[in-house]
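Convention: sequence-line order gives letters A, B, ...; per-chain numbering from 1.
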There are 2 protein chains.
Amino acid sequence: MNDYICNIESINKEIVEEVRKKMLSSELTVQVSDIFKILGDSTRVKILYALFQEELCVCEISALLGMSQSAVSHQLRILRSSNLVKFRREGKAVYYSLADEHIIKLIEMGVEHAKE
Amino acid sequence: MNDYICNIESINKEIVEEVRKKMLSSELTVQVSDIFKILGDSTRVKILYALFQEELCVCEISALLGMSQSAVSHQLRILRSSNLVKFRREGKAVYYSLADEHIIKLIEMGVEHAKE
DNA sequence: TGAACATATGAACATCTATTCAGATGAATG
DNA sequence: CATTCATCTGAATAGATGTTCATATGTTCA
């Protein structure tokens with residue numbers, strides 16, 4: 001980027017500084033946007049919402065969503081590594097469930113926003 | 001994808017159907033994930049959070065974030081087209097502000113989640 | 001009107017992302 | 001222990017995304 005600074009009345013430099021003080025830390029902002037990035041894919045939202053209703057194994061999820069088992073598994077990996085889901089093995093099947101229902105509150109709030 | 005269906009006890013087909021009934025509509029899910037997609041970039045979260053503090057013009061935002069005017073403008077275009085920000089022209093400058101503070105509630109909830 | 005300034009935009013580019021495909025892993029079962 | 005089944009994983013690929021650069025637009029002011 002260039003270091004261009006516009007000439008709008010000098011007082012606004014103070015405003016910028018005031019706003020800067022109230023900003024979230026850069027790390028926190030990145031963490032927050034990382035969470036939203038995970039919710040920014042409809043497949044993952046569907047998986048989370050399904051697991052909110054019921055514990056499900058991989059093949060049930062792929063049947064529910066009409067997606068390949070592989071695609072679902074890749075997305076589950078992302079959800080696992082962000083600690084949004086947990087899983088247990090039962091024989092050949094692996095059952096997934098929500099690690100924390102808090103994430104559903106976020107989704108529901110997104111739903112509220114979308115409905116407006 | 002392949003149409004493979006696993007052989008887990010037949011009763012689970014009923015479970016899948018039960019869950020399917022409780023799922024959000026596909027369009028709504030896409031709309032929701034589209035909102036999260038917008039929040040899934042730290043630059044946009046920073047811009048929204050800054051505008052929550054104060055109405056700002058483009059060059060103030062770019063000074064605040066240490067980003068080029070062009071990059072900020074491109075992001076503002078995305079925020080504009082999702083109706084998250086509004087703007088008014090004042091001479092040469094264009095001042096942006098939040099269209100709806102509701103989006104901040106979402107961000108704050110993301111912050112809560114991130115802090116855990 | 002022309003120069004200076006603030007912002008917007010299109011093209012180009014590098015990076016990231018989601019899915020598919022092929023094959024590996026790990027558990028049950030005969 | 002070989003086979004079958006459910007799941008996982010790595011490589012490949014196509015499409016999306018964010019930034020930069022150059023330039024266009026629109027406003028002010030001399």
(message) Once salt bridge (charged side-chain N to carboxylate O under 4.0 Å, His left out) is applied, what residue pairs with a partner in residues 41-53 of chain A remain, sequence neighbours excluded?
(response)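 Every candidate salt bridge (charged side-chain N to carboxylate O under 4.0 Å, His left out) pair involving residues 41-53 of chain A fails, so no pair, neighbours aside, qualifies.
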(message) Between D:dT17 and B:H74, counting only base atoms on the nucleotide and side-chain atoms on the residue, is there a donor-acceptor pair under 3.5 Å?
(response)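 Absent.
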(message) Need one value for B:Y96: base, sugar-phosphate or nothing, where a base atom within 4.0 Å counts as base even if backbone is also close, heavy atoms only.
(response)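 Counting heavy atoms under 4.0 Å across all strands, the contact made by B:Y96 is with sugar-phosphate only.
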(request) Looking at every strand, decide which applies to B:A71 at a 4.0 Å heavy-atom threshold: base, sugar-phosphate, or nothing. (result)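 Counting heavy atoms under 4.0 Å across all strands, the contact made by B:A71 includes a base.
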(request) Examine distances only and state if a side-chain atom of A:Q53 and a backbone atom of A:A50 form a donor-acceptor pair shorter than 3.5 Å. (result)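 No.
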(message) Taking A:C59's backbone N and O only, do any of them form a donor-acceptor pair with A:S62's side chain (distance below 3.5 Å, no angle check)?
(response)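 Between the backbone of A:C59 and the side chain of A:S62 there is a qualifying donor-acceptor contact (under 3.5 Å).
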(message) Looking at every heavy atom in both A:V85 and A:L76, which two are closest together, and how far apart are they?
(response)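 Shortest heavy-atom contact: CG2-O, 4.3 Å.
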(request) Report yes if at least one side-chain N or O of B:Q75 is closer than 4.0 Å to OP1 or OP2 of D:dT19; otherwise report no. (result)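 Yes, B:Q75 has a side-chain N/O under 4.0 Å of OP1/OP2 on D:dT19.
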(message) Counting only side-chain nitrogens and oxygens, does B:R44 get under 4.0 Å of the OP1 or OP2 atom of D:dG18?
(response)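 Yes, because at least one side-chain N or O of B:R44 sits under 4.0 Å from OP1 or OP2 of D:dG18.
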(request) Could you check which of D:dT7, C:dT17, C:dA6 has an atom nearest any side-chain atom of A:K37? (result)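 When the side chain of A:K37 is considered, C:dT17 is the closest of D:dT7, C:dT17, C:dA6.
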(message) Using five base pairs at each end to define the local axes, how bent is the helix from C:dT1-D:dA30 to C:dG30-D:dC1, to the nearest 10°?
(response)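 Inter-axis angle at the ends, rounded: 10°.
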(request) Spell out protein contact along nucleotides 22-30 of chain C as letters: B when the base is contacted, S when just the sugar-phosphate is, - when no protein heavy atom is under 4.0 Å; keep the 5' to 3' order. (result) B----BS--
